[in-house]
Amino acid sequence: METLLLPFSPRFIVLTICAVVTALLLALGIFDRKIIDVILVPLLIFGALTLLGVRDLMQKNHAVLRNYPISAHLRFLLEEIRPEMRQYFFESEKDGMPFSRDTRAVVYQRAKMALDKRPFGTQEDVYREGYEWMHHSVAPKPYSKEKFRITIGGPDCTRPYSASVFNISAMSFGALSPNAVRALNAGARKGGFAHDTGEGGFSPYHREKGGDIIWEIGSGYFGCRNRDGTFNPDEFARVAADDQIKMVELKISQGAKPGHGGVLPAAKVSEEISKIRGVPLGEDCISPASHKAFSTPLEMMAFIGEMRRLSGGKPAGFKLCIGHPWEFLAICKAMLESGIYPDFIVIDGNEGGTGAAPLEFMDHLGMPMREGVNFAHNALVGINVRNRIKIGASGKIATAFDMARAMSIGADWCNSARGFMFSLGCIQSLSCHTDRCPTGVTSQDPIRNRALYVPDKIERVYSYHHASLHALAELLAAAGLEHPQELRPIHFTQRSSTTEVRTFAELYPALRPGELLEGTQDRRFRDAWAMARADSFQPAG
């Protein structure tokens, strides 16, 4: 009896209704052909639904469809539109990840040069644990109209670069659409700031508009590789000689997926990408997890020195998300032993990342940017070389407060990827890896990326950079400062509980100049320094 009633149970009633209606409409059409035109559309609809329900019952991949034929498709539909529903209807101004609605809104407003002020007081809970603020002065200064810049290039660099303190972080052509790269580079040229190519190579779209370029070289050596995937110094020298390239950067790891390589399947290696990256057409494009050109800290320093020589004396440095502390300190020991020093180091945090990555890598691997920047800063201070090496910070930076905070704990300049993506019109749809970007920022589909109108987006990229530096100047003036390099940890405080606060100077204790060389007792560095070896990334002992 229970089996006979099963078609009328809540699980199967939708299929039963569709089947019965289909049968009735079919019977009516057979008995009275005059009404066939009237019932044809309903017959097709209910017939299709019935066939769908039968298919659901027979398929074996989705248990929910076997138990709830037809009706379970509503679940998949709601799941598909869940991010949009949450973003447009349920998020508060401070909700939303990776970036809150409020942060996205201020980038859009600054990119459009629209009013970016907020009414009626802060929506932050200023008594929650983790809330942070910057100290102001009772003697504020007029805000500086200077375009904040720093000079990157140590004693071994013959062609130092005057860089803005706010630049476009590494994003490759391929990850971004051609029009996105064009707009970013032209905006950088107009605003006098730098555009990092990412590891995908120095493409024609980077060259087209003439903006300053930081050429990033990853483990795949795209754009300067031999057919077997090894580094080609002659090709590197040829490309690096371009006057548009201002600095060369060795990518060790990135925040989104440190220690993880990548594969662009052969089917996606177009003729254009094959030419730009220097990879064979019709073969998988492999970006290994580690480099072939070096395997020890000393070899790494020699490679960076060679990059500087081959580029004609341009600033050469490296980017990484810090993992094992002793490995970064091994690099520091290699600097001292070899006498070869990078001109800059970019610290990426695990909160950064425009690239798609496995969940475990994205959420739980690598040091966050602030801890990474402060660790690197103190390590360089501890070996007495901080004055010759500049530090860049990259990881969820979008506002002037983000920049000021990073620079207070050790960064000389900041890079932003997703901030500049928002300035292009990115709506955080979280579909970057699907090639279905709704705004054409990350899609290689020519129909989708044509929606990104380059002349308009150039102005927005420029305006976002300009307005962000203006906001930074106002913050500094309110604190009684004139340049970001004057920022110190004492200028910021974090709430550790409802009734307790600590300054960044307490949260991020400083090493004395030369302290690592003298023998530190700081637990953050003592054991890791003892484990570090210039001749190997493996720990001593």
Side-chain angles (χ1 to χ4, degrees), residues 97-98 130 132 169-170 216 218-219 249-261 289-291 297 300 317-335 342 344-355 357-383 386 389-397 402-403 405-418 489 492 494 502 504-511 516 520 522-532 537-539:
M97 292 297 284
E132 296 169 340
S169 196
E216 183 179 272
S219 56
E249 175 183 279
L250 177 68
K251 176 197 154 188
I252 304 300
S253 60
Q254 68 185 84
K257 46 182 178 180
H260 191 281
S290 60
H291 281 265
M300 176 180 161
F318 65 94
K319 179 184 88 172
L320 85 168
C321 176
I322 294 179
H324 296 305
W326 68 77
E327 292 181 343
F328 187 84
L329 297 180
I331 294 171
C332 292
K333 285 188 175 181
M335 295 179 197
F344 65 90
I345 301 171
V346 176
I347 302 297
D348 206 0
N350 73 347
E351 69 270 45
T354 53
L359 178 69
E360 296 84 356
F361 279 72
M362 188 173 285
D363 286 352
H364 303 292
L365 202 66
M367 190 179 290
M369 182 269 289
R370 281 190 259 170
E371 283 71 22
V373 164
N374 192 250
F375 184 88
H377 166 74
N378 275 310
L380 298 180
V381 168
I383 62 171
R386 182 63 178 90
I389 301 174
K390 293 294 192 291
I391 294 177
S394 175
K396 210 171 181 181
I397 290 171
D402 298 334
M403 287 187 271
R405 180 175 54 193
M407 289 188 276
S408 76
I409 55 176
D412 293 296
W413 88 89
C414 294
N415 292 335
S416 176
R418 289 168 290 183
F492 286 79
Q494 182 185 91
R502 291 190 292 174
F504 277 20
E506 297 172 273
L507 292 172
Y508 302 100
L511 288 188
L516 287 177
T520 183
D522 189 311
R523 288 182 298 176
R524 297 172 300 161
F525 292 90
R526 182 186 60 209
D527 295 340
W529 181 255
M531 297 164 69
F537 286 111
Q538 296 300 312

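Along the sequence shown, the residues carry numbers beginning at 1.
One distance of note links CD of Gln254 with CG of Leu320; it measures 12.0 Å at 0.5 Å rounding. Remark: Ile322 CD1 to Leu329 CG distance equals 8.5 Å, nearest 0.5 Å. For the atom pair His291 NE2 and Phe318 CZ, the distance stands at 11.0 Å (nearest 0.5 Å). Distance check, rounded to the nearest 0.5 Å: CD of Glu351 to CD1 of Ile397 gives 8.5 Å.
Looking only at distances, a side-chain donor or acceptor of Lys333 sits under 3.5 Å from a matching main-chain atom of Trp529. At distances below 3.5 Å, at least one donor-acceptor pair connects side-chain atoms of Asn378 with backbone N or O atoms of Asn374. Panel note: side chain Arg405, backbone Glu132; no donor-acceptor pair is recorded below 3.5 Å. Between the side chain of Arg386 and the backbone N or O of Gly410 there is at least one donor-acceptor pair closer than 3.5 Å. Within the 3.5 Å criterion, the main-chain N or O of Pro98 finds a donor-acceptor partner in the side chain of Lys396.
Here the closest non-hydrogen pair linking Asn350 and Gly366 is ND2-O, 3.0 Å. Shown here for Gly349 and Cys321, the closest heavy-atom pair between the two residues is C-SG, 4.2 Å. Here the closest heavy-atom approach between residue Ser169 and residue Ala417 is recorded as CB-N, 3.6 Å. Scanning both residues, Pro342 and Gly317, for their nearest heavy atoms gives CB-CA, 4.1 Å. In terms of heavy-atom proximity, Glu249 sits nearest to Glu216 at OE2-OE1, 2.7 Å. Contact detail for Ile383 and Leu516: the closest heavy-atom pair is CG2-CD1, 4.1 Å.
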| task | Quick one: do Met367 and Phe328 satisfy side-chain contact (heavy atoms from CB on, under 4.5 Å)? Show the steps, please. | result | CA-CA 12 Å; Met367 190 179 290; Phe328 187 84; over 6 Å; no

Go through the steps for Leu380 and Ile345 under the test side-chain contact (heavy atoms from CB on, under 4.5 Å), then give the verdict.
-> CA-CA 10 Å; Leu380 298 180; Ile345 301 171; 4.1 Å; yes

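Inter-residue side-chain proximity for Met369 and Ile409 is flagged as unmet; no heavy-atom pair is nearer than 4.5 Å. No side-chain heavy atom of Ser253 sits under 4.5 Å from any side-chain heavy atom of Asp348. For the pair Glu371/Tyr508, a side-chain contact is recorded, criterion being any heavy-atom separation below 4.5 Å from C-beta on. Under the 4.5 Å side-chain criterion, counting only non-hydrogen atoms from C-beta, Pro297 is not in contact with Glu327. Between Ile391 and Phe344, the closest side-chain pair of non-hydrogen atoms is not below 4.5 Å.
For the salt bridge (Lys or Arg N to Asp or Glu O under 4.0 Å) test, residues two or more places apart in sequence or in another chain that qualify with Lys251 are Glu199.
Aromatic ring pairs are classed by plane angle as parallel below 30°, tilted from 30° to 60° and perpendicular above 60°; the pair His324 and Trp326 is parallel.
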